[in-house]
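To start, the structure under review is shown below, and the notes come after it.
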Amino acid sequence: MTTETSASAAPEVHRETLEMDVLFVGAGPANLAAAIHLQNLVATHNQTSAMKLEPQIAILEKGGAIGAHLLSGAVLDPKALAELVPDFKDRGCPIESEVLDESVMFLTEHTKFAFPIVPPPLQNHGNYIISLNKFGAWLGKLAEEKGVNIFTGFSGAKLLTEGKRVVGVQTDDKGLDKNSQPKPGFEAGMNITAKVTVLGEGPRGSLTKQIVKQFNLDADKNPQSYETGVKEIWEVPAGRIKQGTVYHTMNWPLPQDVYGGSWIYAMSDTMLSVGFVTALDATDPTSDPHFNMQKFKTHPFVRSLLEGGKMTGYGAKTISGGGYYSMPKLYADGLLLTGESGGFLNMQRLKGIHLSMKSGMLAAETIFEALVKNDFSEATLKNYETKFEASWAKTELFSVRNFRQVFNKGLLFGMVRAGLQIVFGGRLLKERLELKADHFHMSRLSRQHRAKYQAERETFKFDGKLTFDKLTDVFESKTMHEENQPNHLFITPEHIADVCNSRCVVEYGNPCQHFCPAKVYEMNVADEKTGAKKLHINASNCVHCKTCDIADPYQVITWKVPEGGGGPVYTNG
Ligand code: SF4
């Protein structure tokens, strides 16, 4: 019997079934690389084998177009790309620039200190500045040319399981109103069944979260740890920076106990990718990744690059930064996890695209063997892990296996311990340093109230030229959602009443107002006499970063996929 992993609020409807052999959920670099590599392996096999393979392969993508929801810095290490598409330059891979110059800087409020040399993990010689959304669109075109079916505007709403086996995905219903009742033109989501389902949903994927819990895939692992990256695209006057320049900064304006830092990448002499990363294990409930980004731009060095320019794009995304010990079990019956859904990201290098692509290629090799054997059991799919453990991806991730853990107490303490790890090959006194889930780090207002940070936030003046409030930034993300649909930021009515509007007000001061970089959560006065406030959710502002699902101290917010096609439309993501 096929069961769905969560109860549907939608009415009982007839659902069409579409049978596939391989179903990829999420069209990021991991799954696109997987689909291309799998088709290459099948084509090579069919040239020499009498037993031809003709697998039906589909990719589901919730964005309205391939790449629309992809966001990153991004500097690409081309190692995996060169394995997948050796002639990538000749085939029109969209590269903005080679990295030609780079610096790492330590910022204080008024000045900067450039490191005399770029620390080896941050060196980018031979790497490329790209736009991840253009890169994703290019990979998608290659996949389509190889016969992969790509369904854009379709979300994976539920996993279909039979006992301990994943057998496919139910796509989102289209045309439900905010009470989950059908509107005119309602179309029920279909059940897409597959011999193997590959979840490459990026960080904190909604289906990945369900199945990791249901199948206990994180047993004996560290929990995943996340950061939120906030990014703006800037057009600046010529003469300020040279194409191919890469800057990373650390320290200011973050409080001493918060991990994070910035990037500035010159895609051209006049177009910059500017971003700021804030860890979600901050103790301060008022920690605000968007504010940190705005304040960062007021530093004299950054101001000198941007002032007089124009901000033309905005986005935000979480980063799966926990490393090797936070990777869940990557396989189950009928299931593989790829990319950041599987924790493939090197936080020390601030890079994950090459690791995501490699994970997809290793998944493809495993699926190819499963197709030949016609066996998609856990015993066969376990080879994915074996291949990973023998790959350069494992070597890279294992060498920095304790990196993120040592920054739990902030930047300076972490830098010393991270330096020692480089000396000792990735270990300190213990082989594996533990990690607590991010939301456990948040302190209650009564115990730790950071008056200085909060006062700065509350008095900060967004000038609309260099610095922008959340709504102005969200406008530049081009995010759109159908207004009359079920709220995809799901909190039960009981939790809204008992937690959000009561306990959280006094215990944490409703941190969702601060950590969401899109002003989705607001506490509005509901009773003029008492001043009592109630939570209001502006779901249509959401840029799908998943910060709320991770950082909520009570874990009562569940990010669900909205109607497919909704969300940001990144063009230089
Ligand atoms: Fe990110 Fe959640 Fe805000 Fe959407 S509602 S932008 S997922 S924090």
Side-chain angles (χ1 to χ4, degrees), residues 26 62-63 68-72 155 178 201-209 224 226-232 275-282 285-294 313-320 340-341 438-439 442 468-483 485-491 495-496 499-500 504 508-524 535-570 573:
K62 69 183 170 65
H69 288 183
L70 294 179
L71 184 85
S72 174
S155 306
K178 59 182 192 284
E201 303 176 284
R204 196 69 158 201
S206 46
L207 299 183
T208 308
K209 180 181 164 186
Q224 187 53 269
Y226 299 90
E227 298 76 26
T228 294
V230 174
K231 171 174 169 173
E232 291 174 353
F276 202 91
V277 171
T278 302
L280 294 183
D281 59 1
T286 69
S287 183
D288 183 334
H290 173 269
F291 168 70
N292 295 338
M293 166 75 173
Q294 301 310 310
Y314 175 75
K317 168 190 178 286
T318 44
I319 302 165
S320 307
E340 282 195 67
S341 291
D438 294 320
H439 67 276
M442 194 178 284
F468 306 98
D469 60 23
K470 288 182 181 176
L471 285 183
T472 305
D473 262 333
V474 166
F475 180 77
E476 294 297 342
S477 75
K478 323 280 188 299
T479 197
M480 298 258 287
H481 294 87
E482 163 61 46
E483 294 277 348
Q485 65 169 303
N487 191 341
H488 74 279
L489 290 323
F490 182 74
I491 312 175
H495 281 141
I496 288 183
V499 177
C500 307
C504 191
Y508 293 97
N510 301 100
C512 55
Q513 302 172 95
H514 310 303
F515 58 59
C516 170
K519 206 172 173 62
V520 167
Y521 300 96
E522 287 183 297
M523 294 301 292
N524 293 338
L535 179 66
H536 180 74
I537 300 176
N538 307 298
S540 55
N541 287 1
C542 179
V543 295
H544 298 198
C545 72
K546 319 284 179 69
T547 302
C548 52
D549 192 293
I550 297 160
D552 159 31
Y554 303 95
Q555 295 290 284
V556 297
I557 303 174
T558 300
W559 190 95
K560 295 183 168 188
V561 285
E563 212 169 89
V569 183
Y570 296 137

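Numbering of ligands and ligand atoms starts at 1, following listing order.
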Between [X] (side chain only) and [Y] (backbone N and O only), is there a donor and an acceptor less than 3.5 Å apart?
| X | Y | result |
| --- | --- | --- |
| Arg204 | Thr318 | no |
| Asn510 | Cys512 | no |
| Ser341 | Glu201 | yes |

Worksheet item: For Asp473 and Glu232, what are the C-alpha separation, side-chain angles and deciding distance, and is it a side chain to side chain contact (heavy atoms under 4.5 Å, CB included)?
Response: CA-CA 8 Å; Asp473 262 333; Glu232 291 174 353; 3.0 Å; yes
Fill in: Shortest protein heavy-atom distance from atom 6 (S) of ligand 1, along with the residue and atom involved
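Protein heavy atom with the smallest distance to atom 6 (S) of ligand 1: Val543 N, 3.4 Å.
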Worksheet item: What residue and atom, counting heavy atoms only, is the protein's closest point to atom 3 (Fe) of ligand 1, and at what distance?
Response: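 Protein heavy atom with the smallest distance to atom 3 (Fe) of ligand 1: Cys516 SG, 2.4 Å.
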Find all atoms of ligand 1 within a distance of less than 4.0 Å from any non-hydrogen atom belonging to [X], and give their numbers and elements.
| X | result |
| --- | --- |
| Trp559 | 7 (S) |
| Ala518 | 6 (S) |
| Cys548 | 2 (Fe), 5 (S), 7 (S), 8 (S) |
| Leu489 | 5 (S) |
| Lys546 | 1 (Fe), 7 (S) |
| Cys542 | 4 (Fe), 5 (S), 6 (S), 7 (S) |

Worksheet item: Just by distance, with hydrogens left out, do Gln224 and Ser320 show a side-chain donor and acceptor under 3.5 Å apart?
Response: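 Gln224 vs Ser320: no donor-acceptor pair found between side chains.
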Fill in: Mutual orientation of the aromatic rings belonging to His544 and His481 [parallel < 30°, tilted 30-60°, perpendicular > 60°]
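The arrangement is tilted - the two ring planes meet at 30° to 60°.
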Worksheet item: Got an N, O or S from Cys545 under 2.8 Å of atom 1 (Fe) of ligand 1?
Response: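 Short answer: yes, at least one N, O or S atom is under the cut-off.
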Fill in: Region of Val520 engaging ligand 1 - heavy atom pairs below 4.0 Å
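The part of Val520 near ligand 1 is the side chain, not the backbone.
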Worksheet entry | Ion pair check, Glu340 and Lys546, cut-off under 4.0 Å |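 Salt bridge flag = no for Lys546 with Glu340.
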Worksheet item: Are Phe515 and ligand 1 in contact, using a heavy-atom cut-off of under 4.0 Å?
Response: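 Per 4.0 Å heavy-atom rule, Phe515 does not contact ligand 1.
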Item to complete: Let me see the working for Thr278 and Ser287 under side chain to side chain contact (heavy atoms under 4.5 Å, CB included), right down to the final yes or no.
Response: CA-CA 8 Å; Thr278 302; Ser287 183; 3.8 Å; yes
